[in-house]
A.B. asks: 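Questions regarding the structure given below will be posed in turn.
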Amino acid sequence: MTMELPKGYEPEDVEQRIYKLWEESGSFKADPASDAPPYAIVIPPPNVTGALHMGHALNNTIQDILIRYKRMDGFNTLWQPGTDHAGIATQNVVERQLAQENTDRHRIGREKFIERVWEWRKEYGGKIINQLKRLGCSCDWGRERFTMDQGLSKAVREVFVSLYEQGLVYRDDYITNWCPRCHTALADLEVEHRDVAGALHYVRYPLTDGSGSLTVATTRPETMLGDTAVAVNPEDERFKKFIGKEVRLPLTDRILPIIADEHVDPSFGTGALKITPAHDPNDFEIGLRHKLPSVKAFDQSGRMNENAGAYQGLDRFEARKRVIADLEAQGFLEKVEPYSHAVGHCYRCSTMIEPLQSLQWFVDVKPLAQKAIQAVRTGKTRIIPPTWEKVYYEWMENIRPWCVSRQIWWGHRIPAWYCDSCGKVIVSREDPEKCDCGGELRQETDVLDTWFSSGLWPFSTLGWPEETDFLKTFYPTSCLVTGFDILFFWVARMMMLGLWFRDEIPFSDVYIHALVRAEDGRKMSKSLGNVIDPLEVMDQYGTDAFRFTLAAFAAQGRDVKLSMKRIEGYRNFINKIWNSARFVLMNLEGVPEEVPEEYLSLADKWILSRLNSTAAQARETLDGYNFDRTASALYQFMWHEFCDWYIELAKPALYGKKGDKAQAAARWTVLTALKDSLKLLHPIIPFVTEEIWSRLPGAEGQIMMADYPKPDPVREDRESEQAMDLIQSVIVGIRNIRGEFNLPPTKPVKTIIFCPDRPTVGLLEANQSAIQDLAWVEEVKASLPGDKPKSAAAAVAGGVEIFIPLAGLIDLDQEAARLAKELDKVSGELAKVEKKLGNAGFLGKAPEDVVAKVKGQRQELSLKKEKLESNLTRVREMV
RNA sequence: GGGCGGAUAGCUCAGCUGGGAGAGCAUCGGCCUUACAAGCCGGGGGUCGCAGGUUCAAGCCCUGUUCCGCCCACCA
């Protein structure tokens, strides 16, 4: 039965084998027919292009902790895995590949290109899935889904067509964010604002009647080639006289009206604003209000077009230089001031966004947002931590139409057809053959925003629009775990679409975790070169150590600054667990299945009681998503209570006579405590716990399928905990003296302990050997107070006085100094407590239990002070 | 421009509804005690960013303030 374990834990040997065991035994599988209460999590689908980074590692570790906890706790769990097709990101990757082959997507054509992307996906798309397995994720892999799967595509089409039928999807010639590099429109959310050091150019526009000129200020002088008006504020006295007049646009022959619009801020720039409806969102709105013509000056690559006259063909930045030079040469440029302002950039390729008027598909999400707001307001969906609720409401309440069309090829093609003969637009669930008028149909070439399909993830992955068993059993899902960076992109959309199409929340809890940062607090990024690869961490320290670190760092509302030092520390913890198991396995011969209660020693009862409250703590903190507290409670228990105290205390009994009652009890207790500890730890550190479990006698099946320990009131034993408290303080008191006097354990000492009463004497006598073994003393004499030994070091702990006769061994001055220091500390504490008790306000207003507690402290402290004083006097007299 | 978070030991951070300042690492001292030196035992170290206020009592609540960080935003 006794199997020797290797001396140190070797994760690389264990992890692969254990994971295979789990997967092959079907332990990850969800069962829609089960009677157990369901608990479901849908994975935030990583991009197929992705490689596991720290964000994934944290995100998925948390999900795995939850799902393993719930699985052990008797729930019918589903962790639904899958990946996202990541439209623009994936298209970019494959385009780069084509570029290396000296070709591009236009040359090979749409169909071939899409084939290429699928091939790419087949070859590389599984990478991140394997990395998640490495992390130990217990997803139901047989149910893996991809946003471009047939089933999910059907869901996408159903949703799009329904929204169209409800009048919520429409096509509009509107100003949108255009990425001149990706050649596609982007949603507002997909634009990142960054501060750019630019310049404000003051350009003079002469009035056509020769009565002077108006000067406008602009950061983008090149857009003047698309100007169709100049606007001033109607209340601005300086310009009232110009309203209705006209100016001549420099560098062109265009005549522009001077109009009045509220939007113009008289205090900014010159108070006169050039209006470029086709290339500025504000100007676009003003253009609509005043029915201004719209002149596009750029093409889709950000080059000047035929409307730009002499500048045609120039890149927008080159055009800016030329326009400025020409304005200056012709005397229209009054001045240039440095000006820093936020400019939109593409979130996929960082190219400067070009606001561009174009024909796009939009979803009017306002009515959907209303439901999504309600669901959180009424508490049907909880956001944890709740600080994010405000951010969520803010965004939902100010939501604007969602531009969902993308001018790329990789994605769900919009199911719309245009008839060139009659102009009809058909949006349909089935591909139409011909138009009603008999005309030929042309399908929309645009695809949908990636987030459109991921927004359906909680129900599309479960089979919707079919009413599958999985959908019925697991929707609404239980918890969504995500970083705040995709709160709007993803969570908000799932809330809206889930509520709209299922009339039910997609998940009851949203747990928002922090971002993983580098040790210096900065974001990990390739350009900063401070990226830590999770795979390397796992190679170096093992997956469990890594997972435990992430859990320990996952305090709510605070970013994770990952430190290698911490990982190393938790690697040591894993090894500590391993060695404790090794010890237990060496001491299990003849371990009974049960032991009568009366066999249990004080230490046995104590550790079982501590284990019990640790189980309660673990459950409480897991239920509240306080993973850092779970980790620290388990760390504290496992290392400092189980290993440091219990195992040491149990050694004499374990090493005792064969068949001895105490030995049987200790063997049973040490095994029980280890087993339950492993179960409590399993959700965080699955590999090492499973490996140890497999070697423990009487441990059936897999630990991942074992019951998560429940606190049992019978095992709660306050009396034993109090008794152990005293024993521990006595031991620590003695060790303390040893430490202070640099007495190595090999130096034999004796100890005399004065107890306040008979029961205490009895307690210490009964635990004499424990004190001897753990404090390295050869003799313990407990008695009621009597004659104090001469030349002894003394300590006061838990109401008892400890003396260690050290004739000739100690320096009395040193001992006096030590006692004086201790006395100082106690006096200080006592003074604080007495001040409190001397305060009438405190006695009158503080709750009774608090007053009683402080009184108890006074009692204890003054007793301690008294004893310290008398000992100090005695030592001083001896000098 | 609006909103949010942080500031506690040398470092990284806990401290939940106000009631005796904690952990890990680092540091100092002692130990190869037959599970573990990736270990064991002990010690030192904090006016809880600053200034006010509420309270019998403030790291925690309120007001102001400084310094970091983040998010949102169509002032050219």
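Numbers restart at 1 for each chain; the letters A, B, ... are given by sequence-line order, proteins then strands. Because the structure is a prediction, the values reported are computed rather than measured.
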A.B. asks: Report yes if at least one side-chain N or O of N736(A) is closer than 4.0 Å to OP1 or OP2 of C41(B); otherwise report no.
C.D. replies: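 Result: no.
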A.B. asks: Could you list the residues that satisfy side-chain contact (heavy atoms from CB on, under 4.5 Å) with S632(A), not counting sequence neighbours?
C.D. replies: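 S632(A) satisfies side-chain contact (heavy atoms from CB on, under 4.5 Å) with no other residue.
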A.B. asks: Under a 4.0 Å N-O cut-off, is there an ion pair linking R695(A) with E691(A)?
C.D. replies: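 Yes, R695(A) and E691(A) are salt-bridged.
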A.B. asks: Would you indicate which nucleotide in C41(B), A35(B), C70(B) comes nearest to any side-chain atom of R582(A)?
C.D. replies: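 For R582(A), the side-chain atoms sit closest to A35(B).
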A.B. asks: Are K832(A) and E829(A) within salt-bridge range, i.e. N to O under 4.0 Å?
C.D. replies: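 The answer is no: the pair does not qualify as a salt bridge.
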A.B. asks: Salt-bridge test for E740(A) and R738(A): reply yes if a basic N is under 4.0 Å from a carboxylate O, no otherwise.
C.D. replies: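 So E740(A) does not pair with R738(A) through a salt bridge.
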A.B. asks: On the nucleotide A38(B), are OP1 or OP2 found under 4.0 Å from the side-chain N or O atoms that K7(A) carries?
C.D. replies: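 So the side-chain polar atoms of K7(A) never come under 4.0 Å of the phosphate oxygens OP1 or OP2 of A38(B).
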A.B. asks: Scan R320(A), E354(A), K274(A) and name whichever one has a side-chain hydrogen bond (donor to acceptor under 3.5 Å, both in side chains) with T223(A).
C.D. replies: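 For T223(A), the side-chain hydrogen bond (donor to acceptor under 3.5 Å, both in side chains) test succeeds with only one of R320(A), E354(A), K274(A), which is K274(A).
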A.B. asks: Could you list the protein-to-nucleotides 2-4 of chain B atom pairs, N/O on both sides, closer than 3.5 Å?
C.D. replies:
residue, atom, partner, partner atom, Å
G3(B), O3', K390(A), NZ, 3.1
C4(B), OP1, K390(A), NZ, 3.0

A.B. asks: So what does I647(A) touch, heavy atoms closer than 4.0 Å: a base, only the sugar-phosphate, or nothing?
C.D. replies: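 Base, at least one base atom sits under 4.0 Å.
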A.B. asks: Ion pair present between E568(A) and R566(A), side-chain N to carboxylate O less than 4.0 angstrom?
C.D. replies: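 So E568(A) does not pair with R566(A) through a salt bridge.
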A.B. asks: Take nucleotides 15-26 of chain B nucleotide by nucleotide from the 5' end and write B, S or -, depending on whether a protein heavy atom sits under 4.0 Å from the base, only from the sugar-phosphate, or from neither.
C.D. replies: SB--BB---SS-
A.B. asks: Considering residues at least two apart in sequence or located in another chain, which fulfil the salt bridge (charged side-chain N to carboxylate O under 4.0 Å, His left out) criterion with D172(A)?
C.D. replies: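 Testing D172(A) for salt bridge (charged side-chain N to carboxylate O under 4.0 Å, His left out), a comparison that skips the adjacent residues, returns none.
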A.B. asks: Regarding H290(A) and D261(A), is there a side-chain donor-to-acceptor distance under 3.5 Å anywhere?
C.D. replies: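 Judged by distance alone, the side chains do pair up.
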A.B. asks: Polar-atom pairs under 3.5 Å, protein N or O versus N or O of nucleotides 28-30 of chain B: list them with distances, or write none.
C.D. replies:
residue, atom, partner, partner atom, Å
G29(B), O2', N742(A), OD1, 2.9
G29(B), O2', N742(A), ND2, 3.4

A.B. asks: Considering only NZ, NE, NH1 and NH2 on the basic side and carboxylate oxygens on the acidic side, decide whether E822(A) and K864(A) come within less than 4.0 Å.
C.D. replies: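 Salt bridge between E822(A) and K864(A), a charged N being under 4.0 Å from a carboxylate O: yes.
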A.B. asks: Please work out which of the three classes, parallel, tilted or perpendicular, describes the rings of F362(A) and Y174(A), given edges at 30° and 60°.
C.D. replies: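 It falls in the perpendicular class, over 60°.
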A.B. asks: Would you sketch RNA chain B in dot-bracket for me? Only Watson-Crick or G-U wobble pairs with both distances under 3.5 Å count, crossing pairs as [ ], other-strand pairs as |, the rest as dots.
C.D. replies: (((((((..((((.....[..)))).(((((.......))))).....(((((..]....))))))))))))....
